[in-house]
Amino acid sequence: MKVYDKLIALSQNRASYLCLIDPDKIDLEQAIYTAKLCQDNGADGILVGSSLMLTNNFEKNLKAIKDNVEIPVLIFPGIFNFVSRYADAILLLSVVSSRNPQMLIGEQVRAAPQIKEYGLEAIGTAYMLIDSGENTSVNFMSSSFPIPRNKPDIAVAHALAGQYLGMKIVYMDAGSGALKPVKNEMIKKIRMNIDIPIILGGGIRTPEVAREKAQAGADFIVTGNILEEKSDPQLIRAFADAIHSVKRND
Ligand code: 1GP
């Protein structure tokens, strides 16, 4: 079964939880430990990525993670050589909120032949940066303006464009470590207007906020930073339980 189909099947019953591991900030042992911790405490999948790599640990850590967990491991690309055979799939992002051609299509063209060579499943993703009250790494690194946080209509138009272009998932990101996560009102409005799943991340620091965002309509909630600060099994379990408590089709 394709990873995308697995994710769709999961999200039809309840909201799902994805843990983001930044391979730049950890060694091999920590990568394996964190990935197992996420799996054992209810995560539905693992994203591996960073906006920038200062070390050469990406592929090494990715392989170690994939070898040690059974839940899907997906590459969450940044601006570095991010394609690898050691993943179950790649979220092939086009930064639809950007007007920088390199982020819209340039990086994807660079990556495509290698994705084909590896037979890697590519999940076309409409990636939208949403303003979080301060500049984030991803805004700076992608030379992009985020969508204003109080303009849900602009966000809806971008998400719809992604869907009509054939992209399979919308990723709404306030950016790693964002001061303020994406507003519920914006999530609700996008949910009402598109049919494809929504991944939501950036600045989610408590299980309560994660639940709120899932209730607003996000199908997948991502946490990254908070797990780097506290790799606490109880906290991961609390995130998973809060997110999983949001059922679909009720
Ligand atoms: C960042 O959406 C992810 O791209 C996760 O954000 O690190 O703030 O949880 P955090």
Side-chain angles (χ1 to χ4, degrees), residues 7 15-26 30-31 34-35 37-38 41 43-53 58 61 65 73-80 82 90-98 103 107 123 125-142 144 146-147 149 155 159 169-184 186-187 190 197-214 216-232 235-236 238-240 242-243:
L7 295 178
S16 303
Y17 179 34
L18 302 174
C19 291
L20 171 63
I21 299 181
D22 184 340
D24 198 37
K25 294 192 182 147
I26 50 176
Q30 287 170 302
T34 312
L37 209 61
C38 294
N41 288 286
D44 298 291
I46 292 177
L47 303 184
V48 181
S50 175
S51 9
L52 175 70
M53 289 291 293
F58 172 64
N61 283 345
I65 292 169
V73 176
L74 292 96
I75 297 170
F76 178 50
I79 306 168
F80 59 93
F82 51 74
I90 179 169
L91 289 180
L92 190 61
L93 314 178
S94 176
V95 187
V96 294
S97 56
S98 179
M103 292 296 113
E107 291 294 314
I123 302 174
T125 303
Y127 182 76
M128 304 180 4
L129 286 169
I130 315 291
D131 186 34
S132 63
E134 62 164 6
N135 205 1
T136 59
S137 308
V138 64
N139 291 343
F140 181 79
M141 290 305 297
S142 66
S144 304
I147 294 173
R149 58 185 277 104
I169 290 190
V170 164
Y171 193 134
M172 303 172 74
D173 200 348
S176 195
L179 284 180
K180 300 175 190 161
V182 178
K183 280 186 158 182
N184 298 345
M186 186 183 274
I187 302 168
I190 291 193
I198 298 171
I199 303 179
L200 188 284
I204 308 288
R205 306 185 62 81
T206 66
E208 294 68 35
V209 171
R211 183 191 290 115
E212 214 183 87
K213 304 298 167 195
D219 300 288
F220 299 91
I221 306 291
V222 180
T223 63
N225 253 50
I226 188 71
L227 304 185
E228 285 164 24
E229 288 168 26
K230 308 175 196 171
S231 53
D232 170 3
L235 180 65
I236 299 174
F239 270 113
I243 293 164

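Here the structure is a predicted model, which means the values were calculated and not measured. Sequential numbering from 1 along the given sequence is applied to the chain's residues. All ligand and atom numbering here is 1-based and tracks the order in the structure.
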L74/I90 under side chain to side chain contact (heavy atoms under 4.5 Å, CB included): CA gap, chis, key distance, verdict: CA-CA 5 Å; L74 292 96; I90 179 169; over 6 Å; no
Verdict with supporting geometry, N225 and S176, side-chain hydrogen bond (donor to acceptor under 3.5 Å, both in side chains): CA-CA 7 Å; N225 253 50; S176 195; 3.0 Å; yes
Y127/S98 under side-chain hydrogen bond (donor to acceptor under 3.5 Å, both in side chains): CA gap, chis, key distance, verdict: CA-CA 9 Å; Y127 182 76; S98 179; over 6 Å; no
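Taking every non-hydrogen atom of G177 and a distance limit under 4.0 Å, the qualifying atoms of ligand 1 come out as 7 (O), 8 (O), 10 (P). Annotation for ligand 1: atoms under 4.0 Å from non-hydrogen atoms of F76 are 4 (O). For ligand 1, the atoms lying closer than 4.0 Å to a non-hydrogen atom of G201 are 2 (O).
The protein heavy atom nearest to atom 4 (O) of ligand 1 is D173 OD2, 2.5 Å. Looking only at protein heavy atoms, the nearest one to atom 9 (O) of ligand 1 is G224 N, 2.8 Å. Protein heavy atom closest to atom 5 (C) of ligand 1, with residue, atom name and distance, is G202 N, 3.6 Å. For atom 3 (C) of ligand 1, the closest non-hydrogen atom on the protein side is Y171 OH, 3.6 Å.
In terms of the salt bridge (Lys or Arg N to Asp or Glu O under 4.0 Å) criterion, E212 has no residue partners (sequence neighbours excluded). Shown here are the salt bridge (Lys or Arg N to Asp or Glu O under 4.0 Å) partners of R205, two or more places apart in sequence or in another chain: E229.
Heavy-atom distances between T223 and ligand 1 reach below 4.0 Å in at least one pair.
If you look at N225 next to ligand 1, the close heavy atoms, those under 4.0 Å, come from the backbone and the side chain alike.
Checked by distance only, ligand 1 and I204 stay at 3.5 Å or farther apart across all their nitrogen or oxygen atoms.
Not a single donor-acceptor pair under 3.5 Å links the side chain of N139 to the backbone N or O of N135.
The shortest non-hydrogen separation linking L37 to N41 is O-ND2, 2.8 Å. Shortest non-hydrogen contact noted between L18 and D44 is CD2-C, 4.4 Å.
Comparing S176, P181, G78 against atom 7 (O) of ligand 1, the shortest heavy-atom distance belongs to S176.
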